[in-house]
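Every heavy atom of this structure was used, including side-chain atoms; hydrogens, water molecules and symmetry mates were not. The structure presented is a predicted model; accordingly, all values stated were derived computationally and were not measured.
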Amino acid sequence: MTDDRTTVAIACQGGGSHTAFTAGVLRRLLDEPDADYDPVAFTGTSGGALCALLAWYGLRTDGPAAARASLADFWTNMAARGPLDSLVNFGVVSVARLLDAGFPVAQISPAYNAGARMAQRRLRNAIEAEVDPAVLDDLVSVDDPPAPKLLVSAVDATDGTFEIFTDRPAEAADDLDPATAWLEERPKPLSVDAVLASASVPTIFEGIRMADEPGGPTHEYWDGLFSQNPPIRNLLDGPDRAAGKPDEIWLVRINPRVQRGDLSTLAEIADRRNELAGSLSLAQELHFVDQVNDWIDDGVLPQDRYKPVTVREIALDESQLDGDRPLRTASKLNRRSGFIEDLMALGARQADEFLDDPAAHRLLGPA
């Protein structure tokens, strides 16, 4: 890395199958010849965590080409294959649409749903086809790991804490005040289970049970959409020196900020409610960055520890896909291969547009 290259953290918002778009974005960003930027961190939640993991793991093990291949292979493996799989996918999406439209549909808890367990097992197998758990454990155990770093969010549904899982070794918690320990953010070691937890929407997949230490009590973890979607503020408060923080954060946004259609039907309301719920924590994360930038400008924060950070955005633009409102809450479950391929191709195109004029995609921070 040279001093004149921009250090970048890439933050990947969650959104189920829609995050195939994120895979397309990352593949293009990792294929830029003579890039003037260095990805020094990836953060992600839910489907964004899956994409972030694959990009990070590929870079840490075999380089950009391996990361790009893993992103493509993962989504190929997850796409519906064959008549039976396609029929199951059609049924799942159709039921989700009926639910969003207000129709009474019988539901069953994922804990007692054999189909949900099979789907979760398939997701695990697709991850482990690209990420060797043993190699992942070795990468996480390194005392001073090289860039890039990885942050994945999930929520501890047992005690209500928001958790970050990272490739950095776990911090000691012996000095925590028991009365306020639940407020402290102490990143935990990354694992395949942690990434699965980040993608475990509790109405679709059973929560992932993990213990903080061998033989300790287990807690149930749910989708990171309930906590940080994606983690951003940790990029600023983690490193002790300004030089350790990224110059820019590139946000890959899945849920739109602005809704331009009607909000009159139950289905439209359900869609918008899902989008807003998935973006609520993101707004708080971005507010934190903006506030830190203001404090730096006002001289409140020491410049040897903090520096202004620019946030740029690559937002999924569904108007470039075929059909009227092709993206709905139900389509976040859609694994149709053509749909996945279209989203990945769109991600690559929008990343191209971003690289052509990054200044046009500034969301906040210095120009």
Side-chain angles (χ1 to χ4, degrees), residues 12-28 44-48 50-51 71-72 74-83 85-103 105 119 123 126 199 201 203-204 223 225 229-230 251-279 282 313-354 361:
C12 307
Q13 190 180 41
S17 292
H18 294 182
T19 56
F21 168 84
T22 304
V25 169
L26 294 178
R27 279 173 50 80
R28 177 62 186 89
T45 298
S46 197
L50 297 172
C51 293
L71 286 161
F74 170 83
W75 284 102
T76 297
N77 288 337
M78 286 304 299
R81 300 190 300 270
D85 199 9
S86 297
L87 181 62
V88 169
N89 178 66
F90 175 79
V92 168
V93 175
S94 298
V95 169
R97 287 173 176 162
L98 289 174
L99 283 169
D100 290 342
F103 286 90
V105 177
L123 178 58
V201 180
T203 55
I204 299 173
D223 195 326
L225 295 173
N229 186 24
L251 169 65
V252 184
R253 183 190 288 270
I254 300 299
N255 295 320
R257 281 184 290 147
V258 179
Q259 169 62 28
R260 295 182 173 85
D262 292 331
L263 293 172
S264 55
T265 68
L266 284 176
E268 291 164 347
I269 292 169
D271 285 336
R272 190 54 179 159
R273 184 176 64 181
N274 177 272
E275 292 169 351
L276 293 173
S279 295
L282 172 60
E313 180 179 80
I314 307 173
L316 171 53
D317 181 4
E318 68 174 331
S319 69
Q320 297 191 37
L321 295 170
D322 294 334
D324 180 28
R325 282 304 313 273
L327 301 183
R328 300 281 191 177
T329 300
S331 63
K332 291 181 177 180
L333 303 176
N334 191 355
R335 296 182 296 106
R336 184 173 59 82
S337 59
F339 180 66
I340 297 297
E341 291 166 3
D342 288 347
L343 284 168
M344 290 187 68
L346 176 59
R349 293 198 303 273
Q350 288 195 226
D352 258 333
E353 296 171 5
F354 174 85
H361 295 260

Query - Set of residues satisfying side chain to side chain donor-acceptor pair (under 3.5 Å) with respect to Ser17, sequence neighbours excluded - result: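 Side chain to side chain donor-acceptor pair (under 3.5 Å) list for Ser17, sorted by chain: empty.
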
Query - For Gln320, side chain to side chain donor-acceptor pair (under 3.5 Å) partners two or more places apart - result: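 Asp317.
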
Who are the side-chain contact (heavy atoms from CB on, under 4.5 Å) partners of [X], not counting sequence neighbours?
| X | answer |
| --- | --- |
| Ile269 | none |
| Arg81 | Asn77, Asp85, Arg122 |
| Thr45 | Ser153, Ser198, Asp223, Leu225, Asn229, Pro230, Pro231 |
| Ser86 | Ala80 |

Sequence neighbours excluded and cut-off under 3.5 Å, please list the side-chain donor-acceptor pairs for residues 93-100, or say none.
{"unit_1": "Ser94", "atom_1": "OG", "unit_2": "Phe90", "atom_2": "O", "d": "2.7"}

Using salt bridge (Lys or Arg N to Asp or Glu O under 4.0 Å) as the criterion, list what pairs up with [X], not counting sequence neighbours.
| X | value |
| --- | --- |
| Glu318 | Arg325 |
| Asp271 | Arg328 |
| Arg336 | none |
| Arg257 | Glu313 |

**Report entry** Where at least one partner belongs to residues 329-354, residue pairs that pass ring-ring contact (aromatic ring centres under 6.0 Å, His included), sequence neighbours excluded
**Finding:**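 Counting only pairs at least two positions apart or across chains, the ring-ring contact (aromatic ring centres under 6.0 Å, His included) contacts touching residues 329-354 are Trp250-Phe354, Phe354-His361.
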
